[in-house]
**Q** 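The structure under discussion is supplied below as structure tokens; questions concerning it will follow.
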Number of protein chains: 2
Amino acid sequence: MVSDVSRRQQIESTASALFRERGYAATSVRDIARALDIQGASLYAHVASKEDVLWSIVSRAADRFDAAVTPIARDRTLPASVRLARMITAHIGVIADDLGNASSFLQEWRFLSADRRAQVAARRDGYEAMFRGILEEGIAAGELDPLMDARLDARALLSALNGVAGWYRPTGALTPAQIADRFTSLSLDGLRRRPGLSYPAPDEGGRTLR
Amino acid sequence: MVSDVSRRQQIESTASALFRERGYAATSVRDIARALDIQGASLYAHVASKEDVLWSIVSRAADRFDAAVTPIARDRTLPASVRLARMITAHIGVIADDLGNASSFLQEWRFLSADRRAQVAARRDGYEAMFRGILEEGIAAGELDPLMDARLDARALLSALNGVAGWYRPTGALTPAQIADRFTSLSLDGLRRRPGLSYPAPDEGGRTLR
DNA sequence: CCTACCGATCGGTAGG
DNA sequence: CCTACCGATCGGTAGG
């Protein structure tokens, strides 16, 4: 049982890396088994089905994003823009911490069965709503621009953040925290030069933050 | 021959819609044929292989993005920030104009053979470099903030733009041009409220700009 | 564009 | 975790 748990985790870790590289549909059960040096049929001593492996990976990833970001979003003692900065850092941290897991969640969840797909869609909608909610709080508090489209902006932000899973390399020049800081500056202040403005902003999301 | 050309286009259009819905690897040749009301084997009167269909779709999409965006990027009579705004509009226009084609290009190109994949990767790198180049020109001209990371910012922007292919619906509330305008504002000015600043900016990328 | 067919591979099971 | 095996489906071909 104890060894079964860790073997199961090995399977999910190996499978998520393969799903990231080749996609779920193009990865066979025997591909996963070969990477673990066992026979294809032997996998079924540990998992009920191929889809079950994907479901575990996707569920775990969703849990990780929720666990990292939700407490930040809910901390009303912090200004919305500071929470947003920390949510960005947390989200990118989850991605960088396990690229295969996050990529499988982000890209391969559509290969789940209809009911599981619906569950994931609901969780993703809730997650997006959390980002949208922070933007709306920021508008209400006068921190963020009232003309923005919170729904569209939350989608744009999450697309950009999730794109990190596609190109991030642990050996790259930028750390996850540096990437997150730049994303925060970009989101809050944009690309345009504003000569009269202090830059970075002293206490909210600038590149000196955290 | 004439009918072959249009039949070929029908096949690619049908296939790209299925690839968008289910993914290339999970779409069988017979799925494509069934959608066209012909037998699976009959497809091979028109195409050499399943991968060939994907290759045509991906090449066409790459051509469309290039044709729409490159002339704007090269027009040095316009300020970089104006070109950026128009590139964003053009890019989103290509996506909205043919969701299946664009989505297949963006998501399914990794299922091409190694050499074709390398060709697509090179084109995508060049396309990204074009956006990065505009940002660098904008910095050099004093329009854009010199502290930005052009490479990272170009990736963030393109990820956000490409994300539109995942959620855009022609029946939605926002037109492609409206989405593009909001993305432009978001990119250039960010989310933060700046009470002293005229908003939208009078002649560059504000929401009144085309 | 069809019927008939091919070898290969798929996810998964039986029985140890 | 293995060997042996299953029916289904895959991309693709032959021959009309």
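Quick caveat: nothing in here was measured; it's all calculated off a predicted structure. A note on names: the letters A, B, ... follow the listed sequences, proteins ahead of strands, and every chain is numbered from 1.
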**Q** Of the candidate nucleotides D:dG12, C:dC1, C:dG11, which contains the atom at the shortest distance from the side chain of B:Ile38?
**A** C:dC1

**Q** How many Å lie between OH on A:Tyr44 and P on D:dT3, as a whole number?
**A** 17 Å

**Q** Please determine, for the side chain of A:Ser42, which listed nucleotide (C:dT13, D:dC2, C:dC2) has the closest atom?
**A** D:dC2

**Q** Would you kindly give the CG-to-C1' distance between B:Leu43 and D:dT13, to the nearest whole Å?
**A** 14 Å

**Q** Tell me the interatomic distance from A:Gln39, atom CD, to C:dG16, atom P, rounded to whole angstroms.
**A** 19 Å

**Q** What is the distance, rounded to the nearest whole Å, between atom NE2 of A:His46 and atom C1' of D:dC1?
**A** 7 Å

**Q** Answer with yes or no whether the side chains of B:Gln119 and B:Arg116 bring together a donor and an acceptor at under 3.5 Å.
**A** no

**Q** Among C:dC1, D:dG11, C:dT3, find the nucleotide with the atom closest to the side chain of B:Arg7.
**A** C:dC1

**Q** Which nucleotide, D:dG11, D:dT13, C:dC1, lies nearest any side-chain atom of B:Ala41?
**A** D:dT13

**Q** Using whole Å, report how far NZ of B:Lys50 lies from C1' of D:dT13.
**A** 18 Å

**Q** Which residue, A:Arg30 or A:Gly40, contacts DNA chain D at a nucleotide closer to its 5' end, judged by nearest heavy atom?
**A** A:Gly40

**Q** Is A:Asp63 salt-bridged to A:Arg123, going by a charged N under 4.0 Å from an acidic O?
**A** yes

**Q** For the pair made of CG in A:Asp31 and P in C:dT9, what is the distance, rounded to whole Å?
**A** 11 Å

**Q** In the structure shown, which nucleotide is the Watson-Crick or G-U wobble counterpart of D:dT3, with both distances under 3.5 Å?
**A** C:dA14

**Q** Whether B:Arg22 and B:Asp31 form a salt bridge (side-chain N of Lys/Arg under 4.0 Å from carboxylate O of Asp/Glu) is what I want to check.
**A** yes

**Q** Do B:Arg60 and B:Ser16 meet the criterion of a side-chain donor-acceptor pair at a distance under 3.5 Å?
**A** no

**Q** Does C:dC10 have OP1 or OP2 sitting under 4.0 Å from an N or O in the side chain of A:Ser28?
**A** yes

**Q** Looking at B:Asp153 and A:Arg182, does any basic side-chain N land under 4.0 Å from a carboxylate oxygen?
**A** yes

**Q** Rounded to the nearest angstrom, tell me the gap between atom CG in A:Asp52 and atom C1' in C:dG11.
**A** 13 Å

**Q** Please report the distance, rounded to the nearest Å, between CG in A:Leu112 and C1' in C:dG11.
**A** 16 Å

